[in-house]
Every structure is written in structure tokens, then in C-alpha cells.
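So the structure is just underneath, and the comments pick up after that.
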Amino acid sequence: MKLHCRFDEYEFVTIQGETYGAGVQKRDYNMKDHDLAVFNVIFGKADGTTTRLNPGAMKILMNHYDIPTVPIVCESLELPNTCDEILALAGGKSAIDGGMREGLVFRSLDGVRSFKAVDNEYLAKYHG
């Protein structure tokens, strides 16, 4: 997949991410330092309109600049019908260190709509 984008038509770019590691919340990912993982890239025009990259395009662009992104667990998924089914998917092993996963962010293919499901076991262990 190639990313085709004319940067000169945009007024600004917003890169959203989160830091993780030692001393960040209660889960240190077995790290002594911090790292950054980008989860969103938004381009804006002078007229106020914005374009949000979908997760695949975001990963390609950030890889080009050697900027780490959050792990993309699955690129195509039919969203389950119930909250219990969604929460069942949220648990599991972290792609970062193999430990407990905090949860999953579900994002539409166009990158516009998203929500986060936090694993109940993670909540009990780190925020209980």
C-alpha cells in the first residue's frame, strides 16, 4: 500500500499519541524509560476542514519518518453485537511486551469514528 498525499495543500498536521513506560500510570511495560506511540494523524486546511488518516495510512506515514505507532492488532474486523463480546476481545497479550493488554481501540476504516474498550481484568489489576 502506498500513501499518496500532497502536503502543500494543508495548513497544519496534528499527530496524537501517548507515552508509555516506567512511571507512566501503573503499567510500565518492563521499561526503564518512556516511549511514544502515535495513534492519530490529522491534516488541516486553512478553511477549517480536516482529514484524518485511517490506521493503515497512518502507519505507513509514520514508518516513513521512523515514528512508532500503536500496534494495529487487526485491520478488518466485523464489530461484535454486544459489549460483552467487545470486552472479550479487549483482553489478551500486549503486542509491546507480551504482558497484559490494556484494551483495544476500535476505529472505522476511514479513521473518523473510534472508541476504546478497556479490559476488565486490566482495570481490576491496575485501577482496582
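Just so you know, residue 1 is the first one in the sequence shown, and it goes up from there.
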Q: Inspect the surroundings of CD1 in Ile72 and state if more than 12 heavy atoms from other residues, nucleotides or ligands are less than 6.0 Å away.
A: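 Yes, the 6.0 Å shell around CD1 holds more than 12 heavy atoms from other groups.
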Q: Can you tell me which residue pairs pass the salt bridge (charged side-chain N to carboxylate O under 4.0 Å, His left out) test with a partner in residues 53-74, sequence neighbours excluded?
A: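 Pairs touching residues 53-74 that pass the test: none.
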For residues 84-94, tabulate all N or O donor-acceptor pairs below 3.5 Å that involve a side-chain atom, not counting sequence neighbours.
residue : atom : partner : partner atom : Å
Glu85   : OE1  : Asn81   : N            : 3.1
Glu85   : OE1  : Thr82   : N            : 3.0
Glu85   : OE1  : Thr82   : OG1          : 3.1
Ser94   : OG   : Ile96   : N            : 3.0

Q. Checking side chain to side chain contact (heavy atoms under 4.5 Å, CB included) for the pair Met62/Ile15: CA distance, chi angles, key distance, verdict?
A. CA-CA 10 Å; Met62 293 297 98; Ile15 298 173; 4.2 Å; yes
Q: For residues Thr51 and Tyr10, determine if any side-chain heavy atom of one lies less than 4.5 Å from a side-chain heavy atom of the other.
A: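 Of all side-chain heavy-atom pairs linking Tyr10 with Thr51, at least one is under 4.5 Å.
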Going by atom type alone, with no hydrogens or angles, which donor-acceptor pairs under 3.5 Å involve a side-chain atom of residues 112-128 and a protein atom two or more places apart or on another chain?
residue : atom : partner : partner atom : Å
Lys116  : NZ   : Glu102  : OE2          : 2.9
Asp119  : OD2  : Tyr122  : N            : 3.3

Side-chain polar contacts of residues 30-46 - donor-acceptor pairs under 3.5 angstrom, sequence neighbours left out - could you list them?
residue : atom : partner : partner atom : Å
Asn30   : ND2  : Asp97   : OD2          : 3.4
His34   : NE2  : Ala22   : O            : 2.6
Asn40   : ND2  : Gln16   : OE1          : 2.7

(Q) Under the rule for side chain to side chain donor-acceptor pair (under 3.5 Å), what residues qualify as partners of Thr14, not counting sequence neighbours? (A)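 Not a single residue meets the side chain to side chain donor-acceptor pair (under 3.5 Å) criterion with Thr14.
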Q: Quick one: do Phe106 and Leu77 satisfy side chain to side chain contact (heavy atoms under 4.5 Å, CB included)? Show the steps, please.
A: CA-CA 9 Å; Phe106 295 83; Leu77 173 77; 3.6 Å; yes
